[in-house]
Each structure stands twice: as C-alpha cells, then as structure tokens.
Amino acid sequence: MSIVYMEKDKSFVLQAKEATYILRIRKDKYIEHVYYGNKIEKPVISQMVKDKGRASFNANPDDDGSFSLDTMRAEYPAYGNTDLRVPAYQVQLDNGTRITDLTYDSYEIVKGKDKLKGLPSLTGSEDQVETLYITLVDKLINLKVVLSYSVFKNENVIARSAHFINQGNSNLSILRALSIGIDFDHYDFDMLSLSGSWARERHVVRRGIVHGTQSIESRRGASGHSENPFIALMDKGADENVGEVYGFSLVYSGNFLASVEVDQYDTTRVVMGVNPFDFSWKLEPGEDFITPEVVMVYSNAGIGHMSRTYHRIYRNNLMKSKFKNMERPIVINNWEGTYFDFTEDKIKEIAKQASELGMEMMVLDDGWFGKRDSDNCSLGDWYVHKGKLPNGLHSLVETIKSYGMKFGLWFEPEMVSPDSDLYRAHPDWCLHVPNRHRSLARNQLILDYSREDVREAILKMLTDILSSADISYVKWDMNRNMSEVGSALLEKSRQQETAHRYMLGVYEVMDTITDRFPHVLFESCSGGGGRFDPGILYYMPQNWTSDDTDGVERLKIQHGTSIVYPSCAITAHVSDVPNHQTGRNASMDFRHHVAMSGNFGYELDVTKYNDDEKKYIKEQVALYKSIRKLIQFGDLYRLESPFDGNDSSLIYVSEDKREAVLFLYRVLGIPNTPLRRIKLMGLDPSYNYEIGDETIISGEQLINYGINAPDELLWGDYKSSMILLRAQ
Ligand code: DGJ
C-alpha cells in the first residue's frame, strides 16, 4: 500500500519509492502539510507537528488563540481566511465577494490513476500507482474541490492536481486555481530554474532563496523560451550527486507560475500552476475546472537522481505515442540547407544522397504549401505549393521512399498569415480584440483554438494532407507568442479564459491528430524550444530543442534540457559552419559528438559536401545507429557541467550497466594545459570494462580514479571524444 490513512493521527501517509509525504486533517477542517522528504517507514506523526502561540497579527480561525492558519503549514492554502501568505486558489462569488471556506469533507484511496479530462497527464497501472482524493467543501456555496495525489510506488514521484466543481446554484468565478501548494518548515534551499531565450533555451539558473517571493512565470501564451515550467528546491550543498532535491514540473504548455515565498517564520511555500495573470474562469452551476498536473520528484542523491527519475517517468508514463520507447530515426531536415528556396528536384537529391549515407527520414520543412516563398504568407493554406512541388506530395513521397527513406513534413497549424486564403475567408478566426490593432510577429497571427469551428477546419486540412501521401513524421511548429488576447465567440465574462481555452483546444487537436495517425512520429517545435514542456511531450514524444545548432551553445542547452527531459525527446542536429545562429566554426567531430549525445540528425544540404566529408558522415551515421538505444534510453550521468567552464562531459549507461558511452568536450584549447582526469559514474564497480581500443579497466577504477583525457582533447579548439565502454 502506497497510501495509508492513520485514524489516530487523522493523517495520510504517502510512500513513494524512497520518499514519504504526510498530510493530516487538522481540527476536522483544515489540511495540514506535515512532512515531505526521505523515507520514514513508520512515522510517529505526533512528534512531527508543533505549534507555537503567536501575536494577534496572526489571527486564528477558531477565535480561541490555539493556532493560526497563518502559521499552519498548508496543503492547498485559501484566500480570505487568516492565512495571509500567497494562496493557491481564489474564487469570486456572484455577489462579488472573494472569500471561500473550503473544509475537509471526505477522502478516498483508489488503485491506479485517472487521466485528467482534456489535459495531458501521467498514466499508471493499478499495480504501479495509488491515488488519494481529498474532498473539500464550502457549504455556503456548495463548491467542491478535490485534491488528488497519485503516488508511484516504484519511483520517487507524486503527481498532484485540483478539481473544482460548482455544486451550488449560482455562478462562481475562479480567479486563481494553482495545482499545488506545499509548505516546507525552513528556507535553507537553493532554487533551480531553466531560463533563457530563443537560441539560448533552458540555461541552468541556481539562486539562494530569501525572504519574500521569488518566482518564474510565463505570460506569453506558451510555456516559452524564457522560462520552463519547472523549478527545483534543493539543499544548499546539493549538487549532481548528493543532497535532497525537490523537483516540481508542470504538465502544461501555456501561461504558468511557479512561486516560492519565504515568510516571517522562515516557512517556504511553493505554489505552481496556471498563471493567475489575466486569468479567470467562470463556473456555472454544474460546471467543473481541472488544474494541470504537477509532477513532484524527490531525490535524496542530488540533481542527477532527480533527472533520471523524470526521464523514466516521462518516457514511460507521460508520452502516449507508440514511439515512446522506440529508437528514433536519423532525420535530415532541409531548413538550414535551403530555407524557402527549394525545388522538388532539390529535395529529392538531398534525400537520395542522405539515404546513401544511412540517414532514415527526410523532413521537408517550411515552404511546401500555399504560395509560401518567404515567411510573409500562406500559413493556414495547408495545400501543396504547386510552383515548388508540381507533381504533388504523393509523387514526392513515393520517390523518396524508393531511395529507402521515410518522409516527414512541417506544419504550423496554430497560425494564420494575413496574406492567406484562410484569413481572407475568416478574419475573425484569429485571437484578437475588437477595434484593436492585431500585432503581427513573423508576419502572422494566432488562430483562435478556443473555437470549435477553427479546430475542426484545421483538423480537416491536416487530415487531408496526412492522408494524401505516406507521411511518417510531422514537425509541428509554433512561431509566435500571444498579444491582444481575446476571442470573438466568448462572452465578455469569459474573455479571461481565452489563453487557457486556447491551450485546451491545442491539446484537443493534438490528441485527435495523433490518435488518427498513430504511425506518425510527431516532433514538436516552437521556434526551436519555445514550448519544450511535459504538456506537449504527452502528445509528441520529441521536441526540436533549439534553433541554435551551434555545438558550443548546444552543450548548455542540452545540459539544461536534460535536467528534466529524456534524451530521446531532445532532437539535436549537425548543421553547417559558420553556424547560422552564432557564426562559429566548430569542428565536424565536435558538432557530431554534441548532436550524438541526443536524438541525432542533420540540418544541412548534404549535396554540397565533398566525398571525404560524405565518407565521414556515413561513418558517424553508422556509429550512432549502433549506440542510439543506449543514448536515447540509457541512464544519463552529467559529469562536468558546461556552465562551470570550458570542459564538460556526460555518460549514458545501459540499465544492466554493461554498456556505456562517454562524451568529453573542451571548447577552447588551453596553452600548456594541465592534464585532465574525469571520474565516471553509473558504472558497476565489479565489472571490467573494455574501453574503445581494447584497454580493460575495472569499474571500480573508472569510478574512483576515472580516465585521463585522451591527447586529442588537449590540443586545439572545439575538441571532443566519444568513448564506448563494454563490460567483459
Ligand atoms: C522555426 C523552427 O524552429 C525552424 O526549425 C524552422 O522549422 C522554421 N521555424 C521554419 O519556419
């Protein structure tokens, strides 16, 4: 049993693999947080809770001075009572007041886990997961809120969400409905976030938390390039391999908030969920609202242990695609090779030569539809550009298949160009506010996916194209953020629902299209990694990590992305030099080794390469095929961080620890260089490993002494090595 109710203490004890989470019913009304941390098999709960009388500035709810909600550690803090810290929810009544009094009503413990209606979420079988539902009720207005906690007994994972149901007779309006609240009894934490920009996504930011509020959020209508819907709190001394770490990852792709408040008694409150900024949700009698899920991962062995847990749980229990545990094809994408300037013959020639080099999937990027010869038109006109593909898609795909290659196609289904047939026919189908300017970004507007007619029309166009030829792969792009947010069909009291309804609409279309075409491998993209989040991964099991394919920058982007996301999801392509984003001339080896440490492919015009270069590429493609299972599904140990300096390294180890692949990088040469020794991790100390050239070294030595960096790493710029290890 992963979840037990202890009547004596009125407590719920949740046991994940190495973590215990305890909450209790306080005064028959309130839900108090008691403990979250390393496993305690037999907790003595009476010894884990302590109160202290406080001054009158902490009012108490029962008017008897016994305790205050302002100092109680809450599970799902309310607005309007005597807890004056940041609330997890706030509901407005029909009469304009905003006080609710949700108190404990009942609980239920069930095997398994329900999928959240209309939202991406983890799944789990009855023997893997148990779920606790705690029902709270506001009797005055008959508002019911059900808090759910799904505990994965073989992982350090607890997934939480909240479900609001209006069982009363009058309208309510949710002003704030975050997914979790949790109070820690100290603030001796650092906070980790993944922050950046376009072409610089998910850089690791670590800061000490202090009194007051520190938060990350998105108000962009998408999870965004600048912050990822993830934070971790960790011991100040925690690093990759030691210390307690608490990860919070929101399964959502729109506006989000993750906020950490340290209060006057040094309590740390974490709340996370849909961003309350410009949000409200009308709840008519009988209606409900479900918050997205937060996946909480506990680690007692540093950030690396947390990451490996996220990797497993997101691969096995989040991705719905049949490809989730399948080796991913080596893609060649024509975007940086040709941009919009391609012909049918050019694409065929790239595919033919790529196929001869062993590549497996030709992905035709932007520019194949409508009249699209630049980024200023045709989004929404999802039919073939006859000027470029005079024989149509079917004939192109059949030719490419005859080379032994599969075929993939780019779409940007959430967008519309003002210069498009779709926009001319339906100018009100985009997000907009009447009589206000419609701001363009990349010459495009955003389709209003909160509208069913819009969703249906786009689904039909996508279905027609995907049925018209043997398409095995789709790259689903999204290239701008929201402005002038409003929907033509929503009543005025529901306008602030637009951004979330948009996201629900996108999820619905993604769900339908991926169900209709289960044999298609979907790659999500948003100007690179502008929507690399668990919400999208539920539907699309890989993501274009960044438009920045420069090897040096990619070290950081891929390191940061790997904090939460598995390597099979992190698409990584070799591109030309000088790099199109940074102008840098990194070596061929370096670019290959960086891309090979993820879901590998190419982003160039291979027909321009000479015979020697092609021979080299062919060897690399064959090599990657021989180790891709290990890289895409092995356990990742980050050894040296690119954020700490010039040298970085990582190793993937198979589950049985018999195989590993080590990547070593040095960005710039160091004159008169000191020697470099790298200690390996994740290996079995009792095995003997053959290393590359028939050298045998014990696992014990590799872990404790490590290996000396090979000579080629110690001279010159952009140096790298990839070393295979096999147990004897
Ligand atoms: C942005 C993507 O990130 C690129 O890879 C490419 O698909 C372009 N859009 C095409 O417009």
Side-chain angles (χ1 to χ4, degrees), residues 196-202 220 222-226 228 253 330-342 346-347 350 361-382 385 388 407-420 440-447 462 465 471 473-481 521-533 536 540 542-550 553-554 557-558 561 569-576 579-582 591 595 598-605:
S197 74
W198 174 80
R200 231 180 335 102
E201 295 92 337
R202 290 170 299 285
R220 316 183 74 85
S223 47
H225 295 90
S226 52
N228 199 256
S253 314
I330 299 177
V331 160
I332 178 157
N333 178 302
N334 71 303
W335 179 241
E336 287 200 2
T338 66
Y339 293 106
F340 292 104
D341 188 16
F342 62 84
K346 180 79 199 176
I347 297 302
I350 292 176
M361 179 78 71
M362 173 76 223
V363 176
L364 177 55
D365 210 281
D366 195 351
W368 61 268
F369 54 92
K371 300 187 176 67
R372 184 102 164 155
D373 295 320
S374 77
D375 64 14
N376 65 10
C377 71
S378 298
L379 293 171
D381 295 346
W382 298 111
H385 186 320
K388 282 182 183 168
F407 180 83
L409 198 58
W410 179 96
F411 290 92
E412 197 176 357
E414 296 160 67
M415 298 292 152
V416 63
S417 309
D419 181 5
S420 66
L440 299 179
R442 209 193 188 210
N443 307 307
Q444 62 201 50
L445 295 161
I446 303 181
L447 284 171
L462 295 182
I465 288 287
I471 295 169
Y473 188 102
V474 163
K475 178 176 173 186
W476 177 302
D477 205 349
M478 192 285 280
N479 279 303
R480 68 161 290 180
N481 290 141
L521 173 56
F522 283 82
E523 178 190 47
S524 162
C525 172
S526 174
R531 215 168 48 180
F532 201 132
D533 60 59
I536 299 290
M540 306 191 173
Q542 57 189 55
N543 205 311
W544 181 225
T545 310
S546 176
D547 278 341
D548 195 333
T549 47
D550 168 48
E553 175 54 33
R554 271 288 181 132
I557 294 172
Q558 291 174 197
T561 307
I570 301 176
T571 50
H573 294 175
V574 175
S575 63
D576 272 341
N579 180 268
H580 295 195
Q581 290 73 33
T582 62
R591 283 178 280 143
N599 181 340
F600 178 66
Y602 290 86
E603 187 96 6
L604 40 74
D605 177 359

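For clarity, every value in this text was computed on a predicted model and none was experimentally measured. In what follows, residues are counted from 1 in the order of the sequence shown. Whatever order the structure lists them in is the order used to number ligands and atoms, beginning at 1.
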Using a strict 4.0 Å cut-off to heavy atoms of [X], name the atoms of ligand 1 that fall inside it.
X	answer
Trp544	3 (O), 5 (O)
Gly527	1 (C), 3 (O)
Gly528	3 (O)

Among protein heavy atoms, which sits nearest to [atom], and what does the distance come to when rounded to 0.1 Å?
atom	value
atom 1 (C) of ligand 1	Asp477 OD2, 3.0 Å
atom 4 (C) of ligand 1	Asp547 OD1, 3.3 Å
atom 5 (O) of ligand 1	Lys475 NZ, 2.7 Å
atom 11 (O) of ligand 1	Asp366 OD2, 2.6 Å

Does some non-hydrogen atom of Glu523 fall short of 4.0 Å from ligand 1?
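It does not; every heavy atom stays at 4.0 Å or beyond.
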Take every heavy atom of Glu412, measure it against each atom of ligand 1, and state whether any distance is under 4.0 Å.
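The answer is no: ligand 1 sits nowhere under 4.0 Å from a heavy atom of Glu412.
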N-O pairing of Arg200 and Asp548 below 4.0 Å:
no
Do [X] and [Y] have side-chain N/O donor and acceptor atoms under 3.5 Å apart?
X	Y	value
Asp373	His385	yes
Glu414	Trp476	yes
Ser374	Asn376	yes
Asn579	Thr549	yes
Asn479	Gln444	no

Within the structure provided, determine whether Glu336 and Gln581 are in side-chain contact (heavy-atom separation under 4.5 Å).
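Glu336 reaches Gln581 side chain to side chain.
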May I ask you to test the Glu201-Thr545 pair for a side-chain heavy-atom distance under 4.5 Å?
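Side-chain contact under 4.5 Å: no.
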May I ask you to check whether Cys525 has an N/O atom sitting below 3.5 Å from an N/O atom of ligand 1?
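Checking ligand 1 against Cys525, no N or O pair falls under 3.5 Å apart.
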Can an N or O of Asp365 be found at a distance shorter than 3.5 Å from an N or O of ligand 1?
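Yes: some nitrogen or oxygen of Asp365 is under 3.5 Å from one in ligand 1.
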Can you classify the ring geometry of Trp368 versus Phe411 as parallel (below 30°), tilted (30 to 60°) or perpendicular (above 60°)?
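Perpendicular, since the angle between the ring planes exceeds 60°.
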Ligand 1 contact on Asn479 by region, counting heavy-atom pairs under 4.0 Å:
side chain
Ligand 1 versus His573, non-hydrogen atoms closer than 4.0 Å: side chain, backbone, both, neither?
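No part of His573 comes within reach of ligand 1.
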